[in-house]
Amino acid sequence: MADFDRERALPSEGVWRHRAHDVAHVLRRWRAVARAGRMAWSVIYETAGFPVYFLRSQGVGERPLYLSAGVHGDEAGAVLGLLEWAERSVDYLRRADVVVFPLFNPAGLALNTRGDLEGVDLNRLFDSPSHPHIAAWRRAMAGYVPRAAVCLHEDYDAQGLYGYELNRDGGLHVAERCLARAEGLLPRDLRSRIEGRAARRGVIRRRRLPMWEHLPEAVALYQAGTDCTLTFETPSEGCLQARSRAQVCLVEAVCEWDQEG
Ligand SMILES: [Zn+2]
């Protein structure tokens, strides 16, 4: 009997392996977005040989809209969603007032791990200037106090879409309208408590800061003066395409709301 030919038995890599964890591929597509959208891009930090990109629209002011994905490396749907949104939104990006961290933790994405190369959860460190990656973020953000911020995530425990909203204006319900836009692609997480916090139809709302140390990105931005921060979570066990499409809808809905104001 002939030896088992593994190479022939398995489909070629490109057929069955999607590229959501291919950092070089993701960054190449972002460079194309930056060129088409006439955005400035810079490398704020390097980790495991991968650059951490920071993109700014040509019309950026001191109070931009802030968009970020990939702080956790095992949340590929969020990274892909922000990228797909940007690729569809080049005209918007040309005239927008926006800053973007498209893939904050490229080493984690390559390894498919929540933490960075050392296993550190960067989203507990945004108030820790002693960490060089966070120090680089703070330098990049010096001079900017975003008017609103969107942090895109995924959650293995989620039973659907949900979001955290920190908003100084208690009359605004931004996360609610964003979830309404995306729920045709993925259902909302309807639990009354999510991650130990009271939730209403997938929205966890706060006006005051929920914590004082080990701050996530969204809370650190709120503490620094951002009026509204939105953290969206898609369920990690869902279909990748549905997750990324839902993330596209969430960012679209935020931009619509932002342009109304
Ligand atoms: Zn996350």
Side-chain angles (χ1 to χ4, degrees), residues 20-21 23 26 45 47-48 50 52-53 66-85 100-128 131 133-134 137 146 149-166 175 178-179 182 185-186 188-189 191 193-197 199 202-206 209-211 213-223 226 229-240 242-251 254:
H21 290 275
V23 172
V26 168
Y45 190 66
T47 169
F50 296 120
V52 178
Y53 281 174
Y66 175 105
L67 304 171
S68 140
V71 167
H72 292 139
D74 57 347
E75 300 176 2
V79 173
L80 191 58
L82 186 58
L83 173 57
E84 290 182 347
W85 168 81
V100 186
F101 288 97
L103 174 51
F104 196 74
N105 175 14
L109 189 74
L111 296 166
N112 196 15
T113 57
R114 179 177 177 87
D116 68 1
L117 197 58
E118 277 82 41
V120 173
D121 184 342
L122 295 169
N123 212 28
R124 296 289 176 271
L125 287 180
F126 274 85
D127 54 337
S128 303
H131 192 290
H133 195 146
I134 300 302
W137 174 80
V150 183
C151 304
L152 300 176
H153 285 261
E154 301 202 278
D155 181 354
Y156 281 94
D157 299 321
Q159 296 180 9
L161 288 172
Y162 71 90
Y164 299 87
E165 178 167 358
L166 270 167
C178 297
L179 292 188
L185 291 154
L186 283 170
R188 296 184 195 221
D189 190 326
R191 290 174 293 165
R193 293 192 77 77
I194 299 175
E195 295 286 298
R197 302 199 174 92
V203 178
I204 302 159
R205 282 178 61 84
R206 292 286 177 103
L209 286 176
M211 56 194 76
E213 56 179 2
H214 308 301
L215 299 185
E217 183 181 26
V219 178
L221 287 163
Y222 193 72
Q223 188 186 56
T226 296
T229 70
L230 300 155
T231 303
F232 291 116
E233 307 265 358
T234 42
S236 305
E237 304 287 1
C239 155
L240 177 65
R243 285 150 49 203
S244 63
R245 292 280 154 80
Q247 298 269 0
V248 170
C249 289
L250 292 164
V251 181
V254 173

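Atoms within a ligand are numbered from 1 in the order they appear, just like the ligands themselves.
- Residues Asn123 and Arg114 have side chains not in contact (no heavy-atom distance under 4.5 Å, counting atoms from C-beta outward).
- Considering only heavy atoms from C-beta on, Leu122 comes within 4.5 Å of His131 through its side chain.
- Legend: residues meeting side-chain hydrogen bond (donor to acceptor under 3.5 Å, both in side chains) with Arg188, ordered by chain and number and at least two apart, are Glu176, Glu183.
- In this structure, the side chain of Asp155 does not engage the main chain of Ser236 through any donor-acceptor pair within 3.5 Å.
- Protein nitrogen, oxygen and sulfur atoms, that is N, O or S, within less than 2.8 Å of the Zn ion (ligand 1) amount to 4.
- A salt bridge does not link Arg206 with Glu165: every distance from a Lys NZ or Arg NE/NH1/NH2 to an Asp or Glu carboxylate oxygen is 4.0 Å or more.
- Within the 3.5 Å criterion, the main-chain N or O of Gly238 finds a donor-acceptor partner in the side chain of Arg243.
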